[in-house]
Amino acid sequence: MRHEAHCNWLTGLKLDLRPQLQYIKQTMDPIELQAETVAQKVRHYLITTMGRTADEANDEEFYRAFCTSLREEIMINWTATTHTLKKKGLRKLYYLSMEYMPGRLFGNNITNLNAEEFIKRILKRLGRDMTTIINMEHDIGIGNGGLGRLASCFMDSLATLQYPAMGYGMRYQYGIFEQELICGVQVERPDCWLLTPNPWEFRRDTHAVPVQFAGKPVKRTNSHGDEVYDLIDCEEVRALPYDLPIIGYSDSPDFSVLTLRLWSTKESPRNFQLQRYNAGELGQASENTSLTDVLYPNDNHDAGKRIRLKQEFLLVSASLQDIVNQYKEVHPNFDGFADAVRIQINDTHPALIIPEMMQLLTKNNDLPWGKAWEIIRTCCAYTNHTVLKEALEDWNAQRLGELLPRNYSILERMNGEFCAEVRKTFPGDEERVRRMSIIEGGQVKMANLSIYGSNKVNGVAALHTEILKASLFKDFYEMYPDKFVNVTNGVTQRRWLLHCNPLLSAFLEKRIGKGWITNFEEIAKLKDFASDPETQQEFLAIKRKNKERLLKMIEEDMEFRHGHGKNFAEENFLSADALFDVQIKRIHEYKRQLMKALHLLMVYFEMKENPDSHRIQRFAMIGGKAAPGYHVAKSIIRLFYCLGRTINRDPVVGKKLKVIYLENYNVSKAEVIIPGTDLSEQISTAGMEASGTGNMKFSINGALTIATDDGANVEMRQQITDEWWPFMFGASSNENLEMRRSHSYNPLDVYTSEPKIKQAVDALKDRSLVENDAEHESLMAVYRSLLEGMTPDAFFVLNDLMAYYETQKKVEELYQDPNRWAEFALHNIAGMGAFSADVSIKNYAEKIWEINPCPPDPKELKQVRKEYSEHDRCRVIPS
Ligand code: F58
């Protein structure tokens, strides 16, 4: 019978499963039967792709065979979604980002397919443990932090909401470095996420495209008289894409699967430059094969490096060619391009798409400059993620001219036209022209280019967008007020609640159903339960379990890294009774991890004097990576190490206060840390954190937030309401702005007038925390950043420290009343409906892209299913 003959589509080999299936059919229910079919497929892949039987395969091999089986379910919908988008020819969004942070895919894919229970059954049949198998996957960290993780949350929402969209990025061989702490010193190790084959990626040789660098431009004119340039003697690099499927959440089998296309120059042997090698230039010979090797590990800082510029152009040029190729498959000319294509520039890193599009339209496709410009300005939109001046991208004009001569000529012409436009709008204001110019002082200003070339510019939280309009991009706002819009960030509740916190998800389902999974505004229904003591007790019990899970994870991680998990736990942990006080994010002075450290010192000194001065136990955890060249940030990490050593070993204080550093913080660790947190630390210098997204993840997992009124904290407070937002403190962004403008702040005043602060700061230099000169030097660097130099304490740490200290007292007080604490936490969760990435994406879709959902066409699905042949199907979702 057709259904019983198992045909292996990979090899054409016939596997006859009739005897097994007949036996199974008689003895099992249909779900068990399906589970056995998948289990059989896993065994099958183990043999056909690895030559291993199920009993001998190790966990990694097993993980890969399992994913390969699961993939089959996805491939049908992926093919059907792609066909539908192509056939319908609707407007499509292309999200361009140099960074993504998908984390692990396997577990999340299972969640989005709604298949946990089923997968557990299969693994049980195969005698394997789900957590062990899930942990076999490398965490994909091809980004630095918030910006990259936001891009991944957005991909999840785009797929779930079934928008016509595609993501482009870079397949860095080495993602964000692995952080190892050796006696508190950060050591960066390569992140070898591609050590074993990645079962989720598909190499697409047929979509490879050439990207050209350097060379001599030869001028000619197009048929409209516009100057265009052919390149001779240039370097041509082959960009090869690898596709990752992004599975939209659904409880039906008709889910969408979108494509995240990542470019690589690695696996194209012709990118090796033999002539250079023969000339003895070994490094340069392999420059292009290694172009996509390494992610630049700076967050909120522009490195200005040549290879980075090449990477950015590679993303831009390859993606644009790919977009145009897709367009041309269904359109005869460019008349419909502006209508069909939307390109989101994720920060300025892909902004060279603006001149590159001009070059492609005017030269390759003979469009007049004016028309091409209209198209560009209609298609492109730009998201800004920072107000920090040092993070704004400027490229050395000469370098850009040498590497991308044609783009540079185009930029010069664009800049000429732009400056003329500014002069026309603001006659006689040459200073303004200078400030707004795209090329100025030998630098190309990428933000200025991005604003000029975009249809819309958005900030990532209301306060941030206001700051852009009022200061950073004030000139531009005055010229193009309608361009500026706000789209507040959000996170996907699928990964950051449903997947990472199964206990809390079940708790929610019991009370408010499952609607929140795809419509997070429904989370507001939880308010009705917030004052119910039984609900509070259940919430507290779940929190405790998640805290225990977190302790176990840290212990196992310490055992794995340093071989001393148990000893480490005994010396450095407090139990789940303690307040779990967590700050996890990149280490940066504006994020003020230093304020956390100084507060811990203040508490330490108080407890030393009087052990009963603090009534609760506090377990402080800090995690995050420092940019490799950011010395003060690395010194702050070392300070935490010294603090932990001093405090944790103290026979008296150590019973109530402990401090640990969570090594190598990444997405999969966040999935365990966040549900196990009581207190979320969001304490940036007001006005400096564009939005924050960690703040949202903690809050939806039932942590209370201690926060300055910065970034999206402001809107969280408004939504949750001041009544349930008890731990706000510190100077406002306007106050900080004013202090900076008037140079009125002097940290020495605070230091001398507040004895508690003086005592904590003095500990940085009096050697009481250190064991050697190197540690002393690090702590002195921190000390000097606070009190010495041209702008001491540029991030106003000491200015807010007393307020922070007082607010932490309120935290301790509330924590002593668990039910009341739970009531606050429940109100905090309930107030978070607006901070789903779904909401952000709907806002982008309405305000910026003007796109509509497009689910896979049922006819396409049927057709693909038929072609795949039902009988060979590895059904993961029970039909
Ligand atoms: C972050 N930026 C913001 N940049 O700091 C954060 O407030 C915001 O929530 C998040 O974006 C999402 O909007 C950020 O992560 C980077 O890491 C860049 C990487 C490339 C170099 C420049 C910084």
Side-chain angles (χ1 to χ4, degrees), residues 2-15 17 20-21 30-50 52 54 57 61-84 105-123 125-126 128 133-134 136-137 159 197-204 242-260 856 860-879:
R2 201 173 163 265
H3 276 255
E4 289 168 355
H6 183 102
C7 171
N8 182 319
W9 58 272
L10 274 175
T11 60
L13 180 83
K14 298 262 182 197
L15 274 179
L17 298 180
Q20 289 104 307
L21 286 177
I31 302 275
E32 278 299 323
L33 179 66
Q34 280 182 15
E36 178 52 30
T37 315
V38 181
Q40 184 55 38
K41 193 144 241 174
V42 175
R43 295 186 197 105
H44 163 84
Y45 278 126
L46 278 169
I47 293 171
T48 54
T49 64
M50 293 167 227
R52 307 274 277 176
E61 291 166 325
F62 204 86
Y63 154 77
R64 248 185 303 137
F66 203 102
C67 291
T68 313
S69 309
L70 184 64
R71 257 171 36 177
E72 298 205 351
E73 181 74 19
I74 295 158
M75 291 311 292
I76 293 167
N77 291 54
W78 199 2
T79 312
T81 311
T82 311
H83 284 188
T84 306
L105 300 175
F106 183 40
N108 197 248
N109 287 349
I110 295 171
T111 302
N112 278 11
L113 290 168
N114 235 307
E116 288 92 344
E117 287 317 309
F118 188 56
I119 300 288
K120 273 187 196 147
R121 273 187 203 223
I122 302 166
L123 284 169
R125 299 192 78 81
L126 291 160
R128 302 279 167 151
I133 298 301
I134 281 179
M136 285 299 111
E137 183 173 3
N198 174 5
W200 298 108
E201 68 177 9
F202 292 79
R203 174 172 153 157
R204 301 280 195 211
Y242 287 72
D243 289 353
L244 291 181
I246 306 293
I247 300 163
Y249 174 91
S250 175
D251 46 17
S252 93
D254 299 345
F255 56 92
S256 285
V257 181
L258 297 182
T259 303
L260 175 57
E860 280 295 335
L861 269 168
K862 202 168 153 203
Q863 175 62 28
V864 180
R865 280 184 185 137
K866 199 169 137 216
E867 243 177 78
Y868 175 83
S869 76
E870 271 305 317
H871 72 276
D872 194 34
R873 183 139 180 236
C874 169
R875 297 209 62 101
V876 171
I877 294 182
S879 46

Would you please test Leu244 and Asn198 for side-chain contact (heavy atoms from CB on, under 4.5 Å) and show each step? CA-CA 10 Å; Leu244 291 181; Asn198 174 5; 4.1 Å; yes

Could you give me the CA-CA distance, side-chain angles and deciding distance for Glu61 and Leu46, then say whether side-chain contact (heavy atoms from CB on, under 4.5 Å) is met? CA-CA 7 Å; Glu61 291 166 325; Leu46 278 169; 4.2 Å; yes

For Ile74 and Trp200, run side-chain contact (heavy atoms from CB on, under 4.5 Å): C-alpha distance rounded to whole Å, both residues' side-chain angles, the deciding distance at 0.1 Å, then the answer. CA-CA 10 Å; Ile74 295 158; Trp200 298 108; 3.6 Å; yes

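- When the salt bridge (charged side-chain N to carboxylate O under 4.0 Å, His left out) test is applied to Glu201, the partners found at least two apart in sequence or on another chain are Arg171.
- A salt bridge is defined here as a Lys NZ or Arg NE, NH1 or NH2 lying under 4.0 Å from an Asp or Glu carboxylate O, and Arg43 with Glu36 meets this definition.
- Residues Asn114 and Tyr249 bring a donor and an acceptor atom of their side chains to less than 3.5 Å of each other.
- By the side chain to side chain donor-acceptor pair (under 3.5 Å) test, Glu117 pairs with no residue at all, sequence neighbours left out.
- In this structure a side-chain-to-backbone donor-acceptor pair under 3.5 Å is missing from Thr81 to Leu258.
- Both the sub-6.0 Å distance and the 45° axial angle are not jointly satisfied by Arg865 relative to the ring of Trp78.
- For the side-chain contact (heavy atoms from CB on, under 4.5 Å) test with Tyr45, the passing option among Cys67, Ser69, Pro199 is Ser69; the others fail.
- In this structure a side-chain-to-backbone donor-acceptor pair under 3.5 Å is present from Asn77 to Pro253.
- Here the shortest heavy-atom pairing between Met75 and Thr79 reads O-OG1, 2.6 Å.
- Minimum heavy-atom separation, Phe118 to Ile31: CE1-O, 3.5 Å.
- Residues Arg64 and Pro197 come closest through the heavy atom pair CD-O, 3.5 Å.
- For Phe106 and Phe66, the distance between ring centers is under 6.0 angstrom.
- Nearest heavy atom pair, residue Ser256 against residue Ala159, reads CB-O, 3.6 Å.
- With sequence neighbours excluded, no residue forms a side chain to side chain donor-acceptor pair (under 3.5 Å) with Thr84.
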When you look at Arg52 and Phe62, which way does the side-chain contact (heavy atoms from CB on, under 4.5 Å) test go after all the steps? CA-CA 9 Å; Arg52 307 274 277 176; Phe62 204 86; over 6 Å; no

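- Side chain of Glu137 to main chain of Leu105: a donor-acceptor pair is present (N/O by atom type, distance under 3.5 Å, no hydrogens or angles).
- Between the side chain of Asn112 and the backbone N or O of Gly248, no donor-acceptor pair lies under 3.5 Å.
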